[in-house]
Trainee: 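Just passing along the structure, written as structure tokens.
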Amino acid sequence: MLSYVPSILGAPRRLTREVRVGDVVIGGKNPVVVQSMTTTPTTDVAATVEQIRKLVEVGCQIVRVTVPTQSDMDAVPKIRERMKAEGLRVPLVADIHFLPKLALQACDWFEKVRINPGNFADRKKFEVLEYTDAEYQEEIDRIRETFRPIVLRAKENGIAMRIGTNHGSLSDRIMNRFGDTPMGMVESALEFIRIAQDEGYRDLVISMKSSNPQVMIQAYRLLVSRMNESGMDYPLHLGVTEAGDGDDGRIKSAMGIGSLLADGLGDTIRVSLTEDPEREIPVARRLNAIFEKGFDLPAAPVLAPAWDFYSYQRRATQRYETKGLGLGGREPVRVLTHVPLSGAPALAARSTEPYVEAVSLSLDPPVTAERMASIDSKLPVRVNLDATTLADLRPGKIPFDEIGVAASSIWSEPGYVEKISAVLEGKTVWLRARETQDVDAIVRTLHASSSKVRFGVSVESYRILELGRRVAATLTRAGFDVPMHLCLVSKAEETKENLLLRAPVEIGALLCDGIGDSVEIRSGFGVDFNHVLGFDILQAARLRMSKTEYIACPSCGRTLFDLQETTAKIRARTGHLKGVKIAVMGCIVNGPGEMADADFGYVGSGVGQINLYVGKDCVERHIPQSDAVEKLVDLIKSHDRWIEPTA
């Protein structure tokens, strides 16, 4: 039995305790709640209320408001008064960092208070300290004295609280004992949960946010595992922080949030985009609709996985090489670009970025040796053929490097494995798994095969997450280390917006667990869309960098510059820098921590002023905003990461 989910194959939604936030109930058997956050200065009462109104109009159920200063807190009664006058009934959440006294006041004006354990009672200095157990306990006692009054006030007022850990703002104490890890994130939250429980307060919602979807997924899984061990049933708030904007922000958010929803985890979600907040809500609602789970699903068979769900380790496979392109082993995860036969020559000759490195072809019947021989490509070419076509071909008459064949069809007649071994000697044969029953046929084929043919397994379906897990676990138990290909097939009626959210989950959840040596997307939205989406999914999973990576916060009332405009300017100057990670942060709250994962950082340090970072180290301070983008470019050049853009 898995400790974070009852089964990796169709687990039902995790049942949690109910936590009331005003008129909204999170957890229990209630639908997943969708929320967002205002980006206006909280002191601007009219603008903040107007943004709350826009959020309510698009279906936002809970709105978070940042309260970084006493002036912001003083504006809250005016916001409440104006909301009442306009008939706006939506629960508000106070976002608190650094100042416990504001959290205490917030308990009197908000339906929920969000506490960040990393900076609530600590200041992050990136100091290396060794704590004895006694010294560590002294730190916990100090936090208890600071946190306990807020817990008691929240309990007295009957309001909820979110214990919201951020990967980018773990305290030095946690970092020194547990490291910059999912374990550190979980322990940071558990310390505060235990303090609240000691006071008999359990109206808690827990989150584990990171700008890295892979880390975020692992942290939530580990949190649930640890809570299950302790008999805790607190609901989960899901989100990928600093996801960015456009397709990239949606892909990263979908991968992190959707992968957990697909396992039945999550009671409320927030998609964090560097865009106007009302644009987050349709994305969150659509994502939830795709992966919404029920509580009364039929019991799924328990399949013991062959991998660690709490840390990344790529599944060990054989390495194949075709026309100089390596696949499997320690090679990068490859992207197969699917094209019709008529488009193969032009695609093979094209130089794109990300570049085309392997092609899969669709062949319309009749498929003859002569038609296949007419295709000449310098790239590896894979084609799916049916059993009848293969049986009619002669050895040496198939010009393709790799052949896909339905696993179940191989057993349609006696001796078929031997036949294809003779015909396809020296080729790579991909056994296609499209349904559950194909998995047994794949194992039987691999047991019966000779060394003349290299075999791989291609998982091809509209829904490939559970099928891919089943295949990976079955292959490992049977002792086969053949590579796996992940092919997501879209339906004709599926929208592009739907696929843009679904594909990062179906493929990305497997990649984040180390499953998959190549990926492919087949849809009716064109070769370019499918090709680029494949590379974007690999980048979101942090497995392969094919373009500049932006870690950009969604903006809030703490933001010290126009985040959308600035991000666009930085993207315009640096968008050609393949593999460079740039963090764009509106303020200091999560900046240094999230930038530990970035190469360079651009952080608001005051009104009209910017600090620049290399990794987590601040190297230039208080630069006028008008000069900051070019100063960032100069910084990148000084570290030999700059290349001149091509025409």
Side-chain angles (χ1 to χ4, degrees), residues 21 24 26 31-42 47-66 88 90-93 95 112 114 162 164 166 205 207-211 213 216 236-261 266-292 495-498 500-502 504-505 540 550-559 562-568 584-586 589-590 594:
V21 183
V24 177
I26 298 174
V32 172
V33 173
V34 174
Q35 57 179 284
S36 184
M37 184 175 185
T38 58
T39 61
T40 54
T42 306
T48 300
V49 173
E50 174 63 14
Q51 204 164 72
I52 291 172
R53 183 185 62 78
K54 290 180 179 179
L55 284 168
V56 171
E57 287 177 349
V58 294
C60 183
Q61 297 168 274
I62 295 176
V63 178
R64 183 159 43 116
V65 178
T66 187
L88 291 174
V90 62
L92 297 185
V93 181
D95 196 51
K112 184 180 175 186
R114 183 274 176 114
R162 171 156 72 98
N166 264 30
V205 180
S207 67
M208 299 273 119
K209 291 193 177 183
S210 172
S211 62
M216 174 261 200
L236 301 179
H237 169 120
L238 305 184
V240 175
T241 191
E242 280 88 40
D245 60 359
D247 288 355
D248 291 340
R250 287 159 174 78
I251 289 169
K252 282 195 281 188
S253 293
M255 186 176 296
I257 297 171
S259 297
L260 295 165
L261 289 175
D267 302 278
T268 180
I269 61 177
R270 191 258 173 122
V271 173
S272 301
L273 300 177
T274 311
E275 300 176 18
D276 294 336
E278 60 266 25
R279 294 175 63 87
E280 297 176 350
I281 302 304
V283 179
R285 291 169 68 90
R286 187 179 300 115
L287 183 61
N288 181 51
I290 296 171
F291 295 100
E292 187 175 16
T495 65
K496 183 182 290 188
E497 292 78 11
N498 194 80
L500 192 70
L501 299 179
R502 194 174 65 82
V505 180
Y550 296 97
I551 303 168
C553 73
S555 183
C556 70
R558 299 185 302 269
T559 302
D562 188 316
L563 199 64
Q564 294 186 50
E565 178 184 343
T566 302
T567 302
V584 186
M585 300 291 172
V589 168
N590 295 319
E594 294 296 348

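The analysis underlying the following values was restricted to heavy atoms, covering all of them including side chains, and did not include hydrogens, waters or symmetry mates.
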Trainee: For Ala540, what residues pass the side-chain contact (heavy atoms from CB on, under 4.5 Å) criterion, not counting sequence neighbours?
Mentor: Ile251, Lys252, Met255
Trainee: Quick one: list whatever passes side chain to side chain donor-acceptor pair (under 3.5 Å) with Glu50, sequence neighbours left out.
Mentor: Arg53
Trainee: Return the CG to OG distance between Asn166 and Ser211, rounded to the nearest 0.5 Å.
Mentor: 9.5 Å
Trainee: Determine whether a donor-acceptor pair (N or O, by modelled atom type, separation under 3.5 Å) exists between the side chain of Arg114 and the backbone of Gly164.
Mentor: yes
Trainee: Return the CG to CZ distance between Leu273 and Arg250, rounded to the nearest 0.5 Å.
Mentor: 5.0 Å
Trainee: Please lay out, stage by stage, how Val90 and Leu55 fare under the test side chain to side chain contact (heavy atoms under 4.5 Å, CB included).
Mentor: CA-CA 10 Å; Val90 62; Leu55 284 168; over 6 Å; no
Trainee: Can you name the residues that form a side chain to side chain donor-acceptor pair (under 3.5 Å) with Asp276, not counting sequence neighbours?
Mentor: Gln564
Trainee: Got a second to check how far His237's NE2 is from Asp267's CG, nearest 0.5 Å?
Mentor: 11.0 Å
Trainee: List in chain and number order the residues that pass side chain to side chain donor-acceptor pair (under 3.5 Å) with Glu278, two or more places apart in sequence or in another chain; answer none if no residue qualifies.
Mentor: none
Trainee: Go through the steps to decide whether Thr39 and Gln51 satisfy the test side chain to side chain contact (heavy atoms under 4.5 Å, CB included), and finish with yes or no.
Mentor: CA-CA 8 Å; Thr39 61; Gln51 204 164 72; 3.0 Å; yes
Trainee: Where is the tightest heavy-atom contact between Val505 and Ala254, given as atom of each residue plus distance?
Mentor: CG2-O, 3.0 Å
Trainee: For a quick test of reading the model, state the closest non-hydrogen atom pair linking Ile281 to Cys60 and the distance between them.
Mentor: CD1-CB, 3.7 Å
Trainee: Judged by modelled atom types alone, do Thr48 and Thr42 share a side-chain donor-acceptor pair under 3.5 Å?
Mentor: no
Trainee: Mark yes when over 12 heavy atoms from residues, nucleotides or ligands other than Arg279 sit less than 6.0 Å from its CZ; otherwise mark no.
Mentor: no
Trainee: So, using side-chain contact (heavy atoms from CB on, under 4.5 Å) as the criterion, who are the partners of Ala289 when residues are at least two apart?
Mentor: none
Trainee: With rounding to the nearest 0.5 Å, note down the distance linking CG in Leu287 to CD in Glu280.
Mentor: 12.5 Å
Trainee: Would you say that Met37 contacts Thr66 through its side chain, given a criterion of any heavy-atom pair below 4.5 Å between the two side chains?
Mentor: yes
Trainee: Any side-chain heavy-atom pair from Ile257 and Met216 closer than 4.5 angstrom?
Mentor: yes
Trainee: For Arg270 and Lys209, what are the C-alpha separation, side-chain angles and deciding distance, and is it a side chain to side chain contact (heavy atoms under 4.5 Å, CB included)?
Mentor: CA-CA 11 Å; Arg270 191 258 173 122; Lys209 291 193 177 183; 4.3 Å; yes
Trainee: Got Val93 and Arg162 here, is their nearest side-chain heavy-atom distance under 4.5 Å?
Mentor: no
Trainee: From Ile52 CD1 over to Ser36 OG, what is the distance, rounded to the nearest 0.5 angstrom?
Mentor: 10.5 Å
Trainee: Can you tell me how far the CG atom of Asp247 sits from the CD atom of Glu497, to the nearest 0.5 Å?
Mentor: 9.5 Å
Trainee: Pair Lys112, Ile26 - check side chain to side chain contact (heavy atoms under 4.5 Å, CB included), show working.
Mentor: CA-CA 12 Å; Lys112 184 180 175 186; Ile26 298 174; 4.0 Å; yes
Trainee: Taking only residues two or more places apart in sequence, or in another chain, which ones meet Asn288 in a side chain to side chain donor-acceptor pair (under 3.5 Å)?
Mentor: none
Trainee: Consider only side-chain N and O atoms of Thr268 and Gln35, and report whether a donor and an acceptor are under 3.5 Å apart.
Mentor: yes
